[in-house]
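First the structure, which I've put down as structure tokens, then a few questions once you've had a look.
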Amino acid sequence: MATRIETPAGTASEPAIVPDRSARYDPAVIEQKWRERWQRDDLYRVEDDAPGEKFYALTMYPYPSGVLHIGHWFAFVAPDIYARMLRMRGHNVLYPMGFDAFGLPAENAAIRNNIHPAIWTFDNIAKMRQQYHQMGAMIDWSRELATCTPDYYRWNQWFFLRMLERGLAYRAMGAVWWCPQDQTVLANEQVLDGNICERCGSEVIKRDLEQWYFRITDYAEELLHEGETLDWPERVKTMQRNWIGRSEGARLRFTLETGDALEVFTTRPDTVWGATFMVLAPEHPLVARLTTPEQQADVAAYIEQARRQTEIERLSTDAARSRTGVFTGGYAVNPVTDERIPVWIADYVLMGYGTGAIMAVPFGDQRDFEFARAFDLPIRAIVQPPDETGIDPATMTGAYTGPGILVDSGPMTGKRVPEELPEIIAWLEETGRGEAEVTYRLRDWLISRQRYWGTPIPVVYCDECGMVPVPEDQLPVELPLDAEFTPTGQSPLVSHEAFLHTICPQCGGPARRETDTMDTFVDSSWYWFRYTSPHEEHAPFDRETAARWTPVDLYCGGIEHAILHLLYARFFTKVLRDLGLIDHGEPFLRLRNQGIILAEEGTKMSKSRGKTVSPDDLVAAHGADALRLHLMYLGPWDQGGPWNARGITGMERFIRRAYGLVTETGAGPFVGSMASTETTALARLQAKTIQRVGDDLDEFQFNTMVAALIEYVNELMRLHAREPDLIHTPRWRSALETLVLLMAPSTPYVAEELWDRLGMPYSVHHQSWPSYDPALTQEATVEVVVQVNGKVRDRVLLPPDLAEEEAKARVLAQPKIVAALGGNSPRTVIYVPGRLINIVV
RNA sequence: GCCGGGGUGGUGAAAUGGCAGACACGCCAGCCUUAGGAGCUGGUGGCCGCAAGGCCGUGCGGGUUCGAAUCCCGCUCCCGGCACCA
């Protein structure tokens with residue numbers, strides 16, 4: 001190794017070979033040096049009013065679980081590279097970071113290790129922040145937030161109160177998991193294998209309790225249609241569309257013999273003449289009134305069984321699973337046929353969808369058909385398929401769901417379905433039997449958690465006044481830190497007397513605080529606004545600053561949040577807009593998901609199986625720059641895949657080659673004005689590489705971007721070997737500067753070091769992204785493939801814009817082609833300029 | 001069952017209608033070295049061939065096209081999501 005670092009660029013010097021330890025690429029030394037310098041200089045501080053078009057790049061903030069694993073690196077490095085490139089392109093880029101700091105693991109650690117959740121959480125945050133520094137991420141740490149601080153969660157409470165005022169937050173009974181052993185409600189995440197309590201291992205059941213909800217269903221339609229306009233992966237949009245589950249149909253009114261009205265939702269109101277029985281969800285409120293004394297025992301037993309039913313059973317597609325249900329003994333009247341039809345209960349009807357009751361049309365619905373066959377209920381044919389004779393209900397083996405003509409359907413007989421459905425609905429409306437309706441699968445968002453480590457819900461219960469919201473000036477309702485974490489099976493808040501007992505803000509009498517805390521998805525539903533003014537004390541965020549930065553231009557994160565987090569965040573944004581705090585309704589304009597990094601065996605990386613890969617060890621062995629490159633080079637970023645440590649040596653070699661190239665040939669002198677083919681080739685290579693790297697980054701193709709960098713270095717070395725004097729031309733110097741600039745987003749440390757060694761002013765990360773002359777990306781002559789009948793027979797060098805006739809003439813004269821033609825004359829010649837010529841004989 | 005994504009050398013992959021396998025790992029050979037788990041050079045899809053060269057080849061079967069990894073139809077396997085939604 002040799003170096004000339006003492007010699008300023010442009011000055012002649014002896015090619016003295018001075019062995020110098022500092023010349024060797026030593027990532028440990030380089031990375032520590034620059035990391036400290038950047039921190040000292042606050043290099044990544046973002047000013048709200050800095051020049052340049054704003055760009056808000058955001059990565060889903062992590063849960064502070066302890067340490068960053070390799071998957072975190074994979075997720076964070078890509079947007080970091082992208083954000084760095086945009087900054088070099090002149091944008092004012094906001095790339096903040098924080099911690100999703102409330103949640104179950106902290107509480108479990110508290111119970112297990114007798115350490116307070118707050119201490120555990122902040123210890124982890126400190127560790128992880130160090131790791132981000134090590135990664136070389138371009139994060140403005142002055143904006144860091146942790147959702148478990150009162151400064152942050154008081155605004156969760158503030159939003160809750162605003163939503164309560166607007167009727168968007170409400171209390172209602174809801175079926176939740178209940179552990180009879182621990183005498184407590186469990187979050188869904190705490191229920192293992194369908195119905196096992198995470199804590200004590202006993203079987204859990206569903207139980208009705210009063211819970212807090214956010215009325216996200218009010219926004220169902222908007223969430224659905226505004227989602228279509230977003231630049232998000234198609235599959236995420238599809239998942240959200242399916243989750244919202246819009247379905248068009250009608251609400252029809254049936255009457256029960258008890259005198260109660262029973263409404264049902266159906267997408268096939270045309271088949272109401274075929275409704276031969278009705279089915280209620282076991283939990284339906286009318287079941288009790290409807291059940292006759294003789295059926296009482298059966299019904300009660302069935303309801304009990306349905307309650308115990310595990311998720312696994314419910315989700316099973318087992319063909320052996322049969323339709324179950326029980327007759328209530330009660331009857332309803334079909335509103336169009338006036339027939340008396342039996343009312344059953346069955347678990348295939350869900351309380352949470354539609355009205356929790358259906359009209360059963362066994363002829364036209366497969367589930368109803370199976371039910372009718374199982375319990376020997378009547379089936380009536382009401383649709384005749386086109387160009388066929390009628391179907392005989394006695395012999396049919398499955399429901400008929402196809403198109404046809406209505407038969408035995410009173411005044412609607414003869415109508416074509418589905419074409420004339422609107423007329424049928426109109427008739428039902430005119431005659432008062434029902435009306436058109438749209439139903440959604442989306443349910444309201446249950447935000448209550450019977451846990452300690454979360455945002456206290458700011459209401460109190462007073463014997464006199466009932467439920468009373470905590471006045472805004474009394475926020476935050478602080479989570480007491482002196483809670484007891486013995487595993488009693490209850491939230492520590494319930495037994496925390498000082499927290500529990502308070503004074504009613506309305507009458508001043510004794511009151512009891514709500515002990516439920518909020519789902520942590522509330523925290524993550526608005527955190528990106530907080531980054532724009534993280535120290536604002538009088539509002540969740542400063543309106544003007546938020547207006548400047550939001551919406552987020554690019555949001556990166558895992559596909560696992562495709563539904564919940566992203567849907568809640570969209571909902572919150574719309575609520576914030578309706579509260580007048582912002583003027584847009586969609587939070588994230590562009591979304592990109594990384595794939596999942598699996599363990600080397602292709603299985604899921606899990607802590608419990610010891611399959612995690614520690615980035616710290618890899619950094620110690622190869623440097624953060626090499627690890628960054630390696631992760632980006634594994635494959636397409638959105639695909640993920642099994643982890644593989646072997647390839648990292650290739651990235652290390654690449655960095656060493658680039659390092660050697662710049663340090664050994666970067667000091668000049670650059671005096672030659674060589675007009676050789678090599679300098680032209682060099683200029684073309686440089687232009688093409690700038691284009692490739694930029695285009696690949698624009699398209700989030702990090703793996704091919706890295707390949708372009710590697711090829712650039714390899715090609716520079718080849719040119720140098722072919723023409724040793726090339727390194728003394730100004731063109732060469734320019735090529736090296738370009739190399740360092742192109743490397744800066746991906747390998748920030750070594751790029752800074754090389755920039756410094758080139759004698760360029762600090763910092764490489766404040767330089768402009770290199771530009772190129774598009775004319776140079778075109779070669780003067782290109783190798784054109786010559787095919788005969790689609791098989792490659794020769795290659796010729798031609799100008800890419802050569803006229804067709806000229807090209808044909810030249811190619812047909814080639815000896816190999818003459819031989820391949822064997823005397824046959826060409827029938828057609830296909831010419832794709834700059835690519836190929838295909839001669840068809 | 002439904003909806004996505006995918007199947008290309010020994011491995012990760014590239015090529016989205018025009019030279020299949022860029023680039024990297026690994027492997028082989030050579031150079032350098034006291035040494036190499038360092039560096040450099042060359043080779044590396046399969047088959048036939050001393051070679052020149054030829055044939056075959058992108059999960060399977062068919063189709064469209066001068067030309068298909070790429071588009072269309074059918075099948076198959078793997079991964080992910082949803083799942084009685086009336």
Side-chain angles (χ1 to χ4, degrees), chain A residues 1 24 233-239 241-243 245-247 249-250 252 264-269 271 275 278-279 281 314-317 319 321 323 346-350 352-361 364-368 370-371 439-443 559-560 562-563 595-596 598 602 629-630 633-636 638-654 656-657 660 701 703-712 714 717 721 783-795 826-841:
Chain A
M1 283 293 176
R24 284 227 328 268
E234 212 43 56
R235 61 177 167 152
V236 175
K237 292 207 262 185
T238 304
M239 282 163 86
R241 208 180 301 125
N242 294 342
W243 186 262
R246 182 181 200 273
S247 85
L252 300 181
V264 298
F265 173 76
T266 174
T267 54
R268 291 293 306 274
T271 63
M278 304 196 80
V279 185
R314 179 159 317 154
L315 301 183
S316 154
T317 50
R321 188 175 65 154
R323 296 269 161 232
D347 61 6
Y348 81 90
V349 175
L350 310 173
Y353 185 79
T355 64
I358 61 158
M359 66 175 197
V361 183
D365 183 285
Q366 186 60 26
R367 294 154 302 179
D368 297 347
E370 287 165 17
F371 197 82
T439 292
Y440 302 89
R441 204 191 79 109
L442 182 69
R443 324 262 179 92
I559 186 79
E560 67 273 19
I563 297 173
I596 297 166
L598 303 167
L629 279 187
H630 176 57
Y633 199 61
L634 279 175
D638 58 358
Q639 227 167 279
W643 165 252
N644 173 359
R646 266 175 303 148
I648 197 169
T649 57
M651 296 304 108
E652 217 181 335
R653 281 177 201 159
F654 158 70
R656 280 182 202 285
R657 277 202 305 278
Q701 288 165 359
N703 55 336
T704 51
M705 181 275 294
V706 176
L709 290 176
I710 295 171
E711 282 178 63
Y712 185 49
N714 293 349
M717 291 176 83
E783 195 178 71
V784 172
V785 169
V786 187
Q787 299 181 330
V788 175
N789 285 339
K791 287 197 187 281
V792 180
R793 293 300 174 203
D794 201 3
R795 291 145 213 270
R827 194 152 50 92
T828 332
V829 179
I830 313 280
Y831 176 50
V832 184
R835 285 197 180 266
L836 63 57
I837 294 180
N838 188 11
I839 302 160
V840 187
V841 296

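Keep in mind the model is a prediction, meaning the values are calculated, not measured. Below, chains carry the letters A, B, ... as their sequence lines are ordered, and counting in each starts from 1.
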Counting a pair only when it is Watson-Crick or G-U and both distances are under 3.5 Å, which runs of at least 3 such pairs involve RNA chain B?
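Stems (3+ consecutive pairs) listed as B:1-7 with B:76-82, B:10-12 with B:23-25, B:26-31 with B:39-44, B:45-48 with B:53-56, B:59-63 with B:71-75.
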Provide, to the nearest angstrom, the distance between the CZ atom belonging to A:R367 and the C1' atom belonging to B:A83.
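After rounding, the gap between these two atoms is 12 Å.
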Every protein N/O lying under 3.5 Å from an N/O of nucleotides 7-9 of chain B:
none

For A:A357, enumerate each residue passing the side-chain contact (heavy atoms from CB on, under 4.5 Å) test, keeping only those at least two apart in sequence or located in another chain.
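Partners of A:A357 under the side-chain contact (heavy atoms from CB on, under 4.5 Å) test: A:L262, A:V264, A:L280, A:H284, A:T355.
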Determine the interatomic distance between P on B:A24 and the same-named atom on B:G42; round to the nearest Å.
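Per the computed distance, 12 Å lies between those P atoms.
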Which residues satisfy the side-chain contact (heavy atoms from CB on, under 4.5 Å) test with A:I710, sequence neighbours excluded?
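With neighbours one apart ignored, the set is A:Y633, A:M651, A:F654, A:R657, A:V706, A:N714.
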Mind checking if A:E234 touches a base, just sugar-phosphate, or nothing, with heavy atoms under 4.0 Å?
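Here A:E234 touches no strand at all.
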Hey, does the side-chain of A:R323 have a donor or acceptor N/O within less than 3.5 Å of a partner on the base of B:C84?
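Looking at the base of B:C84, it does pair with a donor or acceptor on the side chain of A:R323 (distance under 3.5 Å).
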When you measure from the side chain of A:V840, which nucleotide among B:C25, B:C66, B:G54 comes out closest?
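For A:V840, the side-chain atoms sit closest to B:C66.
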Round to a whole Å and report the spacing from CZ of A:F265 to P of B:A86.
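Spelled out: CZ on A:F265 to P on B:A86 is 6 Å.
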Run the salt bridge (charged side-chain N to carboxylate O under 4.0 Å, His left out) test against A:D365 and tell me which residues pass, sequence neighbours left out.
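A:D365: salt bridge (charged side-chain N to carboxylate O under 4.0 Å, His left out) contacts with A:R367.
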Excluding sequence neighbours, so at least two apart, what forms salt bridge (charged side-chain N to carboxylate O under 4.0 Å, His left out) with A:R443?
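Scan of A:R443 (salt bridge (charged side-chain N to carboxylate O under 4.0 Å, His left out), adjacent residues dropped) gives none.
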Is any side-chain N or O of A:R235 closer than 4.0 Å to OP1 or OP2 of B:C79?
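Looking at the OP1 and OP2 atoms of B:C79, neither is under 4.0 Å from any side-chain N or O of A:R235.
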Quick one: side chains of residues 830-838 of chain A, donor-acceptor pairs under 3.5 Å with protein atoms, not counting sequence neighbours, listed by atom name and distance.
| residue | atom | partner | partner atom | Å |
| --- | --- | --- | --- | --- |
| A:Y831 | OH | A:L802 | O | 2.9 |
| A:N838 | OD1 | A:G790 | N | 3.0 |

For a quick check of understanding: with a heavy-atom distance under 4.0 Å over all strands, which category does A:N714 fall into, base, sugar-phosphate or nothing?
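Sugar-phosphate contact only - A:N714 comes under 4.0 Å of backbone atoms but never of a base.
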Does the side chain of A:R441 get closer than 4.0 angstrom to OP1 or OP2 of B:A83 through an N or O atom?
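Checking A:R441 against B:A83: at least one side-chain N or O falls below 4.0 Å of OP1 or OP2.
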Run the ring pair (Phe, Tyr, Trp, His ring centres under 6.0 Å) test against A:W643 and tell me which residues pass, sequence neighbours left out.
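In terms of ring pair (Phe, Tyr, Trp, His ring centres under 6.0 Å), with neighbours along the sequence ignored, A:W643 is linked to A:H630.
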With a 4.0 Å cut-off on heavy atoms, is A:V349 in touch with a base, just the backbone sugar-phosphate, or nothing at all?
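A:V349: base contact, heavy atoms under 4.0 Å.
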Could you pull out all residues at least two apart from A:R793 that satisfy side-chain hydrogen bond (donor to acceptor under 3.5 Å, both in side chains)?
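Counting only residues at least two positions away or on another chain, A:R793 forms no side-chain hydrogen bond (donor to acceptor under 3.5 Å, both in side chains).
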Any A:N242 side-chain N or O less than 4.0 Å from OP1/OP2 of B:A83:
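So the side chain of A:N242 is outside the cut-off, no N or O lying under 4.0 Å from OP1 or OP2 of B:A83.
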OP1 or OP2 of B:C85 under 4.0 Å from side-chain N/O of A:T267:
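No, because none of the side-chain N or O atoms of A:T267 sits under 4.0 Å from OP1 or OP2 of B:C85.
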Taking only the side-chain nitrogens and oxygens of A:R657, find out if one of them lies under 4.0 Å from OP1 or OP2 of B:G39.
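No, because none of the side-chain N or O atoms of A:R657 sits under 4.0 Å from OP1 or OP2 of B:G39.
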Would you kindly give the CD-to-C1' distance between A:E652 and B:G37, to the nearest whole Å?
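After rounding, the gap between these two atoms is 12 Å.
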Please enumerate all residues that pass side-chain contact (heavy atoms from CB on, under 4.5 Å) together with A:R246, with sequence neighbours excluded.
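For A:R246 the side-chain contact (heavy atoms from CB on, under 4.5 Å) partners, ignoring immediate neighbours, are A:E221, A:L224, A:E248, A:V438, A:Y440.
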List every contact pair, protein side and nucleotides 10-15 of chain B side both N or O, where the distance is under 3.5 Å.
| residue | atom | partner | partner atom | Å |
| --- | --- | --- | --- | --- |
| B:G12 | O2' | A:L634 | O | 2.3 |
| B:A14 | OP1 | A:N703 | ND2 | 2.9 |

Results of salt bridge (charged side-chain N to carboxylate O under 4.0 Å, His left out) for A:R235 - residues two or more places apart only
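Result, salt bridge (charged side-chain N to carboxylate O under 4.0 Å, His left out) vs A:R235: none returned.
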